[in-house]
Colleague: 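This is the structure I want to talk about, given as structure tokens.
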Amino acid sequence: MTVRVRVAPSPTGHLHVGTARAALFNWLYARHHGGTFILRIDDTDRERSTAAYEEDILDSLRWLGLDWDEGVGVGGPHGDYRQSSRYERYQQAAADLVASGAAYYDNRSPDELEALRRRAEEEHLHPGHYIRRPEKAVAEGAVRLSVPPDQPVVFEDLVRGKISFEARDIDDFVILRSDGTPTYHLASTVDDVDYDITHVARGEDLLPSTPKHILITRALGAGEPGYAHLPLLFGTDGKKLSKRHGAESLSTYRDEGYLPDAVFNYLSLLGWSIDGDRTIFTRDEAIAAFDLIDVSRNPAVFDPDKLSWMNGEYIRATDPEEFRAMARPHVEAAIGRSLDEEEWSRFEEVSDLVQERTRFLPEAGEQVVFLFEDFEYDQAAWDKVMAKDGVPGILKTAQERLAAVDDWAAADIEAVLRGMLEEMGLGAAKGLQPLRVAVTGTSVSPPLFESLAALGKEKTLARLEQAQRELAG
RNA sequence: GGUCCCGUCGUCCAGUGGCCUAGGACGCCGGCCUUUCAAGCCGGAAACGCCGGUUCGAAUCCGGUCGGGACUGCCA
């Protein structure tokens, strides 16, 4: 039997990192087994579903490199893979279940239902305990599945092992609403059956729903898939991952210049590991090693710091030419306009040094603004460095010496400046920081000599001049 | 309240009865390098929730306890 797995996001928001991680694990499982990875869109919530969100989800999945073999956008033998186009199928399935006696119509009011729940609760029973088929049959209303009494629903979860629910703790849940629309349980299960899904790997939040899905599957006369309930993702405060953690949607990471390979690598480590000591590895290595059985059972905290570190690792490992191409839009964004050819060559001079210092792409832009734009001095840097004795002399001497440099290259600049330091009896830290602040506006920048070389002689001298005026004034 | 799940450094993982005076990674601290910041290198602090039991021997097996989480809807 060939593996068929799926991810089924609802287009009611951006692709959540939790969903992305689930998609990633399904994808790895499919690729490892040479199986089929399917993308289904669970858009039964017509109110909140939008085409824009659906597009964002597809984009995010593609960006992460999770290509799907069947589903929305690529087609396949099962229609358009949107639940919104399968209402008739769900209604038919519900009708079949009623006909076979596995389900029944129920027109009890919310108040009646509520009373039953209260009674169960008072008796310390599961709230759904008394939600059962009424004595008197009706032919309208919602459709509920009739849970077979007295036999526990037992299944073997790939990550958690044997899991068992007593029938008395499962209520006769609604599968088709009185307006004829299917509930999640019905739609999702019918699709999994119809699409021949072999393994359902999804968030642990759906573990309590699984016996319901198994019951529907059996009532439909189908065989159950394997289940794997993945540990949930939390924020650094231990709360459920949300916007507040700055990590909610995958598109955020794309927009902020993270590399898909890094995000892929990081996500794969949330609830899984390739072995005891490798942290950085390729997709192919992950595919070769992945198995749902190895997924961890405990919830994972999403750590933005570790992702940043990993992104830096990937950026440093990027081919320099490729890095320049990736950095360009961010450099241009930092200065708010596009670069001409001459300016671009300035960036190219220091790009290797910038690459080493970049954890995520926008930082690449921030580091080189001084090459292209006039700037305001960073006040803290100015106060700390420029207020010291001797600074005017350093600036003046440096300006004079540099003015005499003919071959404006980093090595020559360094030679001249080092000569100056020696003559003035200054240490490198003390003598060079004022120049850095004068020329870049901040106390943190790429290495000084290379920065001056890339900036150009004329601009360097002008900035030294300006800093002196600033000090004098 | 009920059902189910989970419990190794702050965090993510390794560990499936002896190889564990518990390993790797992020983060943190210190040092080296050094023109700043990074990177790199070296070193350090840091965990088996607790109590019993099984066993010659337990992070690993069992029981209990405590703690956390998910679900509990004609949402998904």
Side-chain angles (χ1 to χ4, degrees), chain A residues 8-10 12 42-45 47-48 106-108 110 113-114 117-118 120-129 141-144 157 159-160 163-166 168-171 173-179 181-185 187-188 203-211 229 231-232 234 236 238-240 266 269-280 296-310 312-313 316 353-359 363 367 381 385 414 417-418 421 427-433 435-437 440 442-449 451:
Chain A
S10 290
T12 54
D42 282 13
D43 57 351
T44 49
D45 188 337
E47 300 279 295
R48 295 189 301 145
D106 179 13
N107 63 359
R108 282 174 289 187
L113 264 9
E114 187 49 39
R117 289 198 182 89
R118 262 204 308 278
E121 201 154 334
E122 278 161 16
E123 295 175 20
H124 302 290
L125 294 167
H126 186 92
H129 188 81
V143 176
R144 285 181 189 276
D157 191 279
V159 343
R160 275 151 226 285
I163 296 181
S164 171
F165 290 82
E166 296 298 330
R168 65 166 177 271
D169 295 323
I170 308 167
D171 57 309
F173 57 102
V174 170
I175 58 176
L176 196 73
R177 298 183 196 99
S178 45
D179 66 0
T181 61
T183 62
Y184 164 76
H185 300 304
S188 177
E204 193 197 337
D205 51 336
L206 288 165
L207 194 50
S209 295
T210 301
H229 287 92
L232 259 20
F234 293 97
T236 39
K239 301 256 174 56
K240 210 171 169 183
Y266 179 70
L269 251 17
L270 259 21
W272 181 73
S273 70
I274 193 160
D275 57 36
D277 41 48
R278 265 186 301 169
T279 303
I280 306 276
S296 142
R297 287 170 303 283
N298 25 346
V301 171
F302 185 96
D303 181 5
D305 284 343
K306 190 161 182 176
L307 207 210
S308 296
W309 162 79
M310 189 169 280
E313 290 286 310
R316 266 174 256 121
L353 299 169
V354 170
Q355 184 172 0
E356 279 177 56
R357 289 165 174 73
T358 300
R359 280 166 89 85
E363 288 179 346
Q367 290 176 62
V385 176
E414 174 165 11
L417 255 17
R418 289 211 187 274
L421 292 176
K430 196 162 185 216
L432 263 25
Q433 273 304 82
L435 303 185
R436 186 187 308 280
V437 174
T440 71
T442 78
S443 55
V444 176
S445 81
L448 186 63
F449 310 128
S451 294

Colleague: Considering only the C1' atoms, how many Å lie between B:rU8 and B:rU60, rounded to the nearest integer?
Modeller: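 My reading of the C1' atoms in B:rU8 and B:rU60 gives 11 Å.
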
Colleague: Verify the contact: side-chain N or O of A:Arg117 to OP1 or OP2 of B:rG73, cut-off strictly under 4.0 Å; return yes or no.
Modeller: yes

Colleague: Please list each protein N or O that sits under 3.5 Å from an N or O in nucleotides 62-64 of chain B, with the distance.
Modeller:
none

Colleague: Given the P atoms of B:rC42 and B:rC33, what is the spacing between them in whole Å?
Modeller: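 Per the computed distance, 15 Å lies between those P atoms.
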
Colleague: Treat primed atoms plus P, OP1 and OP2 as sugar-phosphate and everything else as base, then score nucleotides 34-40 of chain B 5' to 3': B for base contact with protein heavy atoms under 4.0 Å, S for sugar-phosphate contact only, - for none.
Modeller: -BBBBSS

Colleague: Is any side-chain N or O of A:Asn107 closer than 4.0 Å to OP1 or OP2 of B:rC74?
Modeller: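 For B:rC74, OP1/OP2 do not have a side-chain N/O of A:Asn107 under 4.0 Å.
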
Colleague: Taking any heavy-atom pair under 4.0 Å as a contact, classify A:Leu206: base, sugar-phosphate, or nothing.
Modeller: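 Touches a base.
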
Colleague: Which whole number of Å gives the distance between the C1' atom of B:rC13 and that of B:rA47?
Modeller: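 Here B:rC13 and B:rA47 have their C1' atoms 13 Å from each other.
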
Colleague: For the P atoms, the ones on B:rA76 and on B:rA39, what distance do you get once it is rounded to whole angstrom?
Modeller: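 My reading of the P atoms in B:rA76 and B:rA39 gives 47 Å.
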
Colleague: Specify the separation, in whole Å, of atom CZ of A:Arg297 and atom P of B:rA14.
Modeller: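 Result: 9 Å.
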
Colleague: Would you say B:rG24 has OP1 or OP2 under 4.0 Å from some side-chain N or O of A:Arg278?
Modeller: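 No, because none of the side-chain N or O atoms of A:Arg278 sits under 4.0 Å from OP1 or OP2 of B:rG24.
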
Colleague: Please determine whether a side-chain nitrogen or oxygen atom of A:Thr44 lies at a distance below 4.0 Å from atom OP1 or OP2 of B:rA76.
Modeller: yes

Colleague: Given B:rG7, B:rA76, B:rC12, which nucleotide is nearest the side-chain atoms of A:Asn298?
Modeller: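 Among B:rG7, B:rA76, B:rC12, the one nearest the side chain of A:Asn298 is B:rG7.
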
